[in-house]
Amino acid sequence: MLLAITRSVPVSIGRCELTHLAREPIDHARAVVEHAQYEAALTALGCRVERLPDAPDLPDSVFVEDAAVVVDEVAVIARPGAASRRAEVEAMANALRPHRPLAFIEPPGTLDGGDVLVTPRKVFVGISGRTNEDGVGQLRSALALHGYEVIAVPVIGCLHLKSAVTAVFVPPEGGRSILVINPDWVDRGSFDGFELIEVDPSEPAAANVLQVGERVICAEEHPKTRERLSVHGLVTIPVPAGELAKAEGGVTCCSVILSVTHHSLLSAVLGS
Ligand code: CIR
C-alpha cells in the first residue's frame with residue numbers, strides 16, 4: 001500500500017522562503033482548494049493520504065518533500081538549508097518512525113528532500129543553494145549501506161534538483177527509466193542511460209512532475225510539456241498548482257510517498 005504524507009497550507013504561506021521569484025500575494029483559500037485537489041488525485045491513484053499536524057507558524061510547512069528522503073530500506077530525515085524550515089522535520093520523523101529505520105542529516109550538513117531524485121539504485125542529489133557537500137556525503141553514507149549509488153549534480157538557475165528533473169517512468173522489470181528535464185537548469189550529461197524528455201521551452205518549471213504508479217501528476221499550468229509526455233505514451237493527471245508555484249513549490253513538493261505494510265500502518269495508528 002502507498003502512504004502519501006502531506007500537510008495543510010498554513011495561512012502564513014505568504015511569508016514563505018523565496019529564492020528565484022519576486023514575492024506576489026498568495027490567495028490562501030485558492031491554495032487550499034488546489035492542495036485538496038492534489039490530495040484527491042493522490043487518493044484516486046490509490047494512496048492513503050495522511051496529514052502531518054498543522055504547523056501554522058512554519059510558512060513553508062506544506063512542502064513536506066523537503067523534510068525527508070525515503071527508500072525501501074531507510075528514511076533519511078533532512079536538515080533543510082533554510083534555517084526557517086528546520087523545525088518542519090520533527091513531525092515528519094515522527095510520522096515515518098513506524099515505517100522505516102531513521103537516519104538523520106546532522107550539522108554542518110544541509111539537505112532538502114527536493115534535491116534528491118531516487119531512481120532504481122542511483123540517487124541523484126542536487127548541489128543547490130539548500131544542499132551542501134556535507135549533506136550529500138551523509139546521505140551517501142546512509143544509502144550506501146543499502147546498495148545505492150549517490151551522485152552529486154550541480155543545479156543552476158532553479159531552487160532544487162527536482163525543479164529541473166524528475167522521473168516519469170521506471171520500468172518494473174528493469175531497463176531504461178524516463179526522466180523529464182529542463183536542460184538549462186541541470187546538465188543532461190549527468191543522466192546517461194536514461195531516456196530524457198525535455199520540457200517545452202515556454203514552460204521552464206514543467207520538469208517537476210510526480211509519478212505515482214503508472215500515472216504522472218502534472219501542474220495543469222504546463223500543457224505543452226504534458227503533451228510531450230502523452231506522446232511518449234504516459235498518462236498524465238493535471239492538477240491546478242498555480243498558487244503554490246508563487247511560493248516556488250511544485251507537485252513533488254507537497255507529499256512524501258512511500259510503500260508501507262499493513263503491520264507498520266497498524267503500529268502507526270496504535271502509536272507503538
Ligand atoms: C522554499 O523556498 O523552501 C519554499 N518556498 C519552496 C519549497 C519547494 N519545495 C520543493 O521544491 N521540494
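Below, all heavy atoms of this structure are taken into account, side chains as well, without hydrogens, waters or symmetry copies. In each ligand, atom 1 is the first atom listed, and ligand 1 is the first ligand listed.
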Could you pull out every donor-acceptor pair under 3.5 Å between side chains of residues 10-17 and any protein atom, sequence neighbours left out?
unit_1, atom_1, unit_2, atom_2, d
S12, OG, P56, O, 2.7
E17, OE2, S84, OG, 2.5

>> Going by the rule side-chain hydrogen bond (donor to acceptor under 3.5 Å, both in side chains), which residues pair with E227 if we only count those two or more places apart in sequence or in a different chain?
In response: none

> List by chain and number: which residues place a heavy atom under 4.0 Å from ligand 1?
Replying inline: E17, D60, F63, E65, D66, R85, G114, R130, L159, H160, A247, E248, G249, C253

> Is D115 salt-bridged to K162, going by a charged N under 4.0 Å from an acidic O?
Replying inline: no

>> One pair to check against side-chain contact (heavy atoms from CB on, under 4.5 Å): V155 and H160. What are the steps and the verdict?
In response: CA-CA 7 Å; V155 173; H160 286 130; over 6 Å; no

>> Clusters formed by hydrophobic residues whose side-chain heavy atoms approach within less than 4.5 Å: which one holds I105, and what are its other members?
In response: V69, V71, V74, V76, L111, V116, V118, V123, V125, I127, V136, L139, L143, Y148, V150

>> If the threshold is 4.0 Å, N to carboxylate O, is there a salt bridge linking R7 and E88?
In response: no

